[in-house]
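Encoded as structure tokens, the structure appears first; notes follow it.
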Amino acid sequence: QVESRCPSLPRPAAAPVELSLYYESLCPACREFLVMELFSTWLLLPDEMLSITLVPYGNAQERNVSGKLDFECQHGPEECLGNMIEACLMHEAKNFSTYFPVIFCLESGSSVTKNLEACLQIYAPELDSGRIAACVQGDTGVALMHQNAQLTQALDPPHQYVPWITVNGKHTDELQAQAEASLLGLVCQLYQGEKPEACGGSKAPKIPSGCRR
């Protein structure tokens with residue numbers, strides 16, 4: 001009966017739903033999921049509710065060519081460049097809320113590899129594109145891709161396609177299908193804490209349904 005007598009006690013914070021996206025920068029289905037489901041869900045929900053990890057690598061192959069690491073990507077050298085640009089962007093920005101809008105901008109635009117300057121100007125003007133370029137062209141970019149290769153290869157069960165989504169460390173066909181159909185609904189369903197308005201609580205939804213006058 002203690003809880004009823006002490007209603008003002010703060011509730012323990014619920015753990016965020018942890019989502020990891022294993023993807024390739026030029027894969028059409030990856031781009032669609034990131035742009036249409038993941039980014040919009042992230043915008044709608046409070047930070048403490050959803051924790052996102054992005055791993056750009058996917059179906060790439062890592063090879064050791066006379067002592068140097070080399071990568072071959074499903075959609076060719078431009079995809080390898082796109083993966084590395086995004087990995088270096090994350091490395092330089094550190095903060096998820098700084099780099100995710102830039103990645104959204106790259107993935108939703110006409111060219112993943114040519115729009116970095118423009119996307120930085122819009123979403124993260126404080127970031128130095130020169131430092132990102134130096135990372136891409138140097139050893140740091142290779143090291144980051146090697147790290148993403150290891151993370152992708154360590155998946156259990158091993159990934160069979162991309163986008164490959166894990167939720168709270170798990171991957172099942174059902175979770176994948178739910179995330180692709182309605183990520184917002186899935187996260188709202190799994191989150192153990194108090195649900196925000198975006199989850200369709202008792203308060204009126206912010207976006208009216210239909211086009212009533």
Side-chain angles (χ1 to χ4, degrees), residues 16 18-27 30-43 45-65 68-155 159 162-166:
E18 292 185 13
L19 182 140
S20 294
L21 175 64
Y22 297 80
Y23 71 105
E24 298 167 350
S25 62
L26 297 188
C27 153
C30 299
R31 295 175 76 170
E32 185 181 351
F33 176 76
L34 189 148
V35 170
M36 304 302 290
E37 287 292 332
L38 192 58
F39 189 71
S40 56
T41 299
W42 176 72
L43 285 177
L45 296 177
D47 286 349
E48 64 270 15
M49 193 167 163
L50 179 61
S51 171
I52 299 169
T53 301
L54 299 175
V55 185
Y57 186 79
N59 296 326
Q61 298 291 319
E62 181 180 53
R63 297 172 307 178
N64 191 322
V65 181
K68 290 190 78 171
L69 287 177
D70 185 55
F71 301 93
E72 198 172 286
C73 295
Q74 188 170 12
H75 301 90
E78 193 180 357
E79 179 164 83
C80 282
L81 177 60
N83 290 346
M84 203 178 279
I85 287 171
E86 293 184 7
C88 284
L89 167 66
M90 294 184 224
H91 177 72
E92 284 298 325
K94 306 282 189 286
N95 188 326
F96 187 84
S97 58
T98 302
Y99 64 71
F100 192 31
V102 181
I103 289 177
F104 161 79
C105 176
L106 293 172
E107 292 290 341
S108 60
S110 55
S111 169
V112 171
T113 55
K114 295 184 179 70
N115 289 344
L116 180 64
E117 290 279 357
C119 289
L120 286 175
Q121 280 177 8
I122 300 165
Y123 289 106
E126 72 277 14
L127 289 180
D128 181 351
S129 64
R131 286 176 62 100
I132 296 167
C135 167
V136 170
Q137 288 152 17
D139 294 340
T140 307
V142 174
L144 291 170
M145 291 320 299
H146 175 61
Q147 194 179 322
N148 285 353
Q150 289 183 310
L151 286 169
T152 305
Q153 284 152 14
L155 282 166
H159 85 284
V162 285
W164 188 260
I165 300 157
T166 70

Which class fits the ring pair Phe39 and Trp42: parallel under 30°, tilted 30 to 60°, perpendicular over 60°? tilted
Answer yes or no: are there more than 12 heavy-atom neighbours, outside Gln61 itself, under 6.0 Å from its atom CD? no
Between Leu81 and Val112, is the side chain to side chain contact (heavy atoms under 4.5 Å, CB included) condition met? List the steps. CA-CA 9 Å; Leu81 177 60; Val112 171; over 6 Å; no
Would Gln147 and Tyr57 count as having a side-chain donor-acceptor pair, cut-off 3.5 Å? no
CG (Leu26) and CD (Glu79) are apart, to the nearest 0.5 Å, by 4.5 Å
Check: Tyr23 and Ile165 side chains under 4.5 Å, non-hydrogen atoms: no
Count the heavy atoms of every other residue, nucleotide or ligand shown that sit under 6.0 Å from CG of Asn64, and state whether that count exceeds 12. yes
Do other residues, nucleotides or ligands put more than 12 heavy atoms under 6.0 Å from Glu32 CD? no
Minimum side-chain heavy-atom gap Glu107-Ser25 below 4.5 Å: yes
Under 3.5 Å: donor-acceptor pair, side chain of Ser108, backbone of Val35: no
Under a 3.5 Å threshold, yes or no: a donor from one side chain and an acceptor from the other, between Ser129 and Glu117? yes
Mind checking the SG-CG spacing from Cys135 to Leu144? Nearest 0.5 Å is all I need. 5.0 Å
When Tyr22 is tested against each of Thr152, Thr53, Asn148 for side chain to side chain contact (heavy atoms under 4.5 Å, CB included), which residue passes? Thr152
Which value, rounded to the nearest 0.5 Å, describes the distance between Leu120 atom CG and Leu106 atom CG? 7.5 Å
Would you check, one step at a time, whether the test side chain to side chain contact (heavy atoms under 4.5 Å, CB included) holds for Met90 with Phe96? CA-CA 7 Å; Met90 294 184 224; Phe96 187 84; over 6 Å; no
Spatial distance of atom SG (Cys30) from atom CG (Leu54) [nearest 0.5 Å]: 11.0 Å
Drop me the distance from Cys73's SG to Met145's CE, to the nearest 0.5 angstrom. 6.5 Å
Side-chain H-bond candidate by donor/acceptor type, Thr113 with Glu78, under 3.5 Å: yes
Measure across Cys88 and Gly141 and return the closest heavy-atom pair with its distance rounded to 0.1 Å. SG-CA, 3.8 Å
Over 60° means perpendicular and under 30° means parallel, so classify the ring planes of Tyr123 and Phe104, tilted if in between. perpendicular
Has the side chain of Glu62 got a donor or acceptor atom that lies under 3.5 Å from a matching backbone atom of Phe71? no
All heavy atoms of Ile85 vs all of Ile132, minimum pair found to be O-CG2, 4.2 Å
If you round to the nearest 0.5 Å, how far is CD of Gln137 from CE of Met84? 10.5 Å
With a 4.5 Å limit on heavy-atom distance, are the side chains of Ser51 and Glu18 in contact? yes
Step-by-step side chain to side chain contact (heavy atoms under 4.5 Å, CB included) determination, Ile52 to Leu21: CA-CA 8 Å; Ile52 299 169; Leu21 175 64; 5.6 Å; no
Do other residues, nucleotides or ligands put more than 12 heavy atoms under 6.0 Å from Lys94 NZ? yes
Chi angles and distances behind the side chain to side chain contact (heavy atoms under 4.5 Å, CB included) call for Glu86, Tyr99: CA-CA 9 Å; Glu86 293 184 7; Tyr99 64 71; over 6 Å; no
Any side-chain heavy-atom pair from Lys68 and Val142 closer than 4.5 angstrom? no
How close do Asp128 and Gly130 get, counting heavy atoms only, and between which atoms? OD1-N, 2.8 Å
Using modelled atom types and a 3.5 Å cut-off, is there a donor and acceptor pairing between side-chain atoms of Arg31 and backbone atoms of Glu24? no
Between Thr41 and Leu38, is there a donor-acceptor pair closer than 3.5 Å when you use the side chain of the first and the backbone of the second? no
What's the shortest heavy-atom distance between Val162 and Gly58, and which atoms? CG1-CA, 3.6 Å
